[in-house]
Amino acid sequence: MAGFSNYLELLILDLVFGAVAYTPPATLYAGLSTADPLDSGSGLAEPVGNGYARVAVVNNATNWPAAAAGAKANGTVVTFAAATGAWGTITHFVIFDAAAAGNIIISGALVTPQAIVAGNTPSFAVGDIDITID
């Protein structure tokens with residue numbers, strides 16, 4: 001299960017109450033974290049170096065099909081580059097609005113944390129990034 005960031009929650013509140021326009025990013029960026037990023041983003045611990053980079057995911061209905069049964073999930077596989085060294089134990093996925101820096105849109109805990117070492121190619125199968133609003 002994933003949680004909206006404080007940043008996104010404020011955008012949604014302004015959109016619904018006050019009709020402040022919001023244009024979603026044309027591309028979202030999947031990232032990883034070795035700690036809970038928290039809704040504020042202050043806990044983010046992205047791997048550094050060793051081949052780690054966020055993965056660009058075009059924000060469209062193919063990559064993010066229509067929500068159903070109260071959830072939205074990735075419609076295509078999201079694959080990171082092969083690690084050239086250790087990235088640590090990944091505990092969370094993160095969706096950003098930029099390839100570097102930017103804002104956290106949403107984050108969620110992995111069902112099973114994964115220790116990433118040289119040669120590993122982290123990937124999320126179709127439907128593995130599960131997003132709900134409670």
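These numbers were taken from a predicted model, which means no experiment stands behind them.
Within the structure, salt bridge (charged side-chain N to carboxylate O under 4.0 Å, His left out) contacts touching residues 44-56 (residues at least two apart or in different chains) are E46-R54. For residues 110-120, there are no side-chain hydrogen bond (donor to acceptor under 3.5 Å, both in side chains) pairs, not counting sequence neighbours. Sorted by first and then second residue, the ring pair (Phe, Tyr, Trp, His ring centres under 6.0 Å) pairs involving residues 59-81 (not counting sequence neighbours) form an empty list.
Annotation for I129 and N74: closest pair N-OD1, 2.8 Å, computed over non-hydrogen atoms. The two residues A56 and T27 make their nearest non-hydrogen contact at CB-CG2, 3.8 Å. Closest approach of P113 and T89 over heavy atoms only: CB-CG2, 3.8 Å. The shortest heavy-atom contact between A81 and G51 is CB-O, 3.8 Å.
In this structure, the ring pair (Phe, Tyr, Trp, His ring centres under 6.0 Å) partners of Y52, at least two apart in sequence or on a different chain, are W87. Taking the side chain to side chain contact (heavy atoms under 4.5 Å, CB included) definition, one finds that V77 meets it with T79, S123, V126, sequence neighbours left out. Qualifying side chain to side chain donor-acceptor pair (under 3.5 Å) partners for S40, counting only residues two or more places apart in sequence or in other chains: S42. With sequence neighbours excluded, the residues satisfying side chain to side chain contact (heavy atoms under 4.5 Å, CB included) with I12 are F4, L8, V16. The side chain to side chain contact (heavy atoms under 4.5 Å, CB included) check on P24 picks up Y22, N59, with sequence neighbours excluded. For D97, the side chain to side chain donor-acceptor pair (under 3.5 Å) criterion is met by N103, not counting sequence neighbours. Shown here are the side chain to side chain contact (heavy atoms under 4.5 Å, CB included) partners of A67, two or more places apart in sequence or in another chain: K72.
Cluster partners of L44, by chain and number: Y29, V94, F96, I104. The rule joins Ile, Leu, Val, Met, Phe, Trp and Tyr whenever side-chain heavy atoms lie under 4.5 Å apart.
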Pair D14-L11, side-chain contact (heavy atoms from CB on, under 4.5 Å): steps then yes or no
CA-CA 5 Å; D14 285 344; L11 288 175; 5.7 Å; no
N50 and T84: CA distance, side-chain angles, deciding distance, side-chain contact (heavy atoms from CB on, under 4.5 Å) verdict:
CA-CA 5 Å; N50 296 322; T84 59; 3.8 Å; yes
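Looking at heavy atoms from C-beta onward, L110 lies out of side-chain contact with H92 at the 4.5 angstrom threshold. With a 4.5 Å cut-off on side-chain heavy atoms, I90 and I116 count as touching.
Both I95 and I133 belong to a common hydrophobic cluster when Ile, Leu, Val, Met, Phe, Trp and Tyr are linked at side-chain heavy-atom distances under 4.5 angstrom.
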For residues 30-38, dump all side-chain donor-acceptor pairs below 3.5 Å to protein atoms at least two apart in sequence or in another chain.
from: S33; atom 1: OG; to: A35; atom 2: N; distance (Å): 3.3
from: S33; atom 1: OG; to: A35; atom 2: O; distance (Å): 2.6
from: S33; atom 1: OG; to: A45; atom 2: N; distance (Å): 3.0
from: T34; atom 1: OG1; to: A45; atom 2: O; distance (Å): 3.2
from: D36; atom 1: OD1; to: L38; atom 2: N; distance (Å): 2.8

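In this structure, the separation between CG on D39 and CG on N6 is 5.0 Å, given to the nearest 0.5 Å.
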